[in-house]
Each structure stands twice: as structure tokens, then as C-alpha cells.
Amino acid sequence: MLSNLSDDSGITMTDLAARAQLPPSSATRHADALADRGLIFRIAAAEDRRRILIGLSDLGVALVHSVRAEESRVEEELRKRIGAERHADLLHLLELVVEAPAVG
């Protein structure tokens, strides 16, 4: 959820829920927990003070950078372990899984 936010401008809870593919009530609960940990900020929108925007706090930015660096490190380790060709094949297969229609 944090990766859907930026540190320079906020977005509405509706936008965050859509980006995170969560129901608005779930997004709000998650945002409340993130705010309690100091990872996001909440501000009133300049054009409509009734609208609340949320974004990454400095602590949230640091956490997102840390997680992305670890993701890169782990992916590079996997690439070295299985080889570049198999890694490319794996990425292609994962893309197919993501694009496949939901069964249900």
C-alpha cells in the first residue's frame, strides 16, 4: 500500500483504494494503521478542505526505499542463482499469470 503513495503530494482514500485494489473500508483501516506508525501524512486538500489527502511521511519514504533496495538485492541474487535465461523465463511466466483472467 505504501508503494502507491508519494511524499510530495497526497491522494484521496478512494484513489488509494483503487490503486491498492482494496475495498475503501479496508484501505481506510490500513491507512489508519500506517498513520499510527508515522508512515503516512494526512492533509486537507487545498481546493476542498473537506477532502483528506494522504501521502508518505519521511519515515514512510525511508521504509519504501529500504524495501525496494531489498527487493532488488533478492531479485539479483535469484538471477545469479538460476541464470539470466531462466530468470527471464520466470518473469515472462509471472506476467502471464498476472494477465490471466480470474477463475471463479
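We number each residue from 1, following the sequence as shown. What you see is a predicted model, and the numbers here were worked out from it, not measured in a lab.
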J.: Could you tell me whether E71 and R68 have a side-chain N and a carboxylate O separated by less than 4.0 Å?
T.: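 A salt bridge is absent here (no side-chain N lies under 4.0 Å from a carboxylate O).
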J.: Is any side-chain heavy atom of L2 closer than 4.5 Å to a side-chain heavy atom of V67?
T.: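 No, their side chains stay 4.5 Å or more apart.
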J.: Is the CZ atom of R86 crowded by more than 12 outside heavy atoms at less than 6.0 Å?
T.: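 Open: at most 12 neighbouring heavy atoms sit under 6.0 Å from CZ of R86.
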J.: Which residues, ordered by chain and number, are linked to L93 in its hydrophobic cluster, where ILVMFWY side chains connect at heavy-atom gaps below 4.5 Å, directly or through other members?
T.: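 Under the 4.5 Å side-chain rule, L93 groups with L96.
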J.: Within the 4.5 Å heavy-atom criterion, are H87 and K80 side-chain neighbours or not?
T.: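 They are not in side-chain contact.
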J.: Roughly how far apart are L91 CG and E75 CD, rounded to 0.5 Å?
T.: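 Between L91 CG and E75 CD, I get 5.5 Å after rounding to 0.5 Å.
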J.: For R73, is there an ion pair with E70 - N to carboxylate O distance below 4.0 angstrom?
T.: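 Yes, charged N to carboxylate O under 4.0 Å.
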J.: Run H92 and D89 through side-chain contact (heavy atoms from CB on, under 4.5 Å) and show every step you take.
T.: CA-CA 5 Å; H92 175 71; D89 290 343; 5.6 Å; no
J.: Do L94 and I82 belong together in a cluster built from hydrophobic side chains that touch within less than 4.5 Å?
T.: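 In one cluster: yes.
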J.: Could you tell me if the side chain of I54 sits less than 4.5 Å from the side chain of L34, heavy atoms only?
T.: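 Contact flag for L34/I54 side chains = no.
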J.: For residues 17-26, which side-chain N or O atoms pair as donor and acceptor with protein atoms under 3.5 Å away, sequence neighbours left out?
T.:
from	atom 1	to	atom 2	distance (Å)
R19	NH1	N4	O	2.9
S26	OG	R29	NH2	3.2

J.: Identify, with sequence neighbours excluded, every residue that meets side-chain hydrogen bond (donor to acceptor under 3.5 Å, both in side chains) alongside D15.
T.: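 Here the qualifying residues are T12.
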J.: Salt bridge or not for R37 and D32, using N-O below 4.0 Å?
T.: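 Here R37 does not pair with D32 in a salt bridge, since their nearest N and O are not under 4.0 Å apart.
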J.: Using distance only, find each side-chain donor-acceptor pair of residues 56-65 under 3.5 Å and give its atom names and separation, not counting sequence neighbours.
T.:
from	atom 1	to	atom 2	distance (Å)
S57	OG	G38	O	2.5
S57	OG	L39	O	3.1
S57	OG	L59	N	3.4
S57	OG	G60	N	3.1

J.: Please go through L53's hydrophobic cluster and name the other residues, only I, L, V, M, F, W, Y counting, with side-chain heavy atoms under 4.5 Å joining them.
T.: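 Direct or chained contacts put L53 with F41, I43.
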J.: Taking the hydrophobic residues Ile, Leu, Val, Met, Phe, Trp and Tyr, and joining any pair whose side-chain heavy atoms are under 4.5 Å apart, which ones share a cluster with I52?
T.: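 So far as hydrophobic clustering goes, I52 is joined with none.
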J.: Can you name the closest pair of heavy atoms from M1 and A31 and give their distance?
T.: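 Closest pair (atom of M1, atom of A31, distance): CE-N, 3.7 Å.
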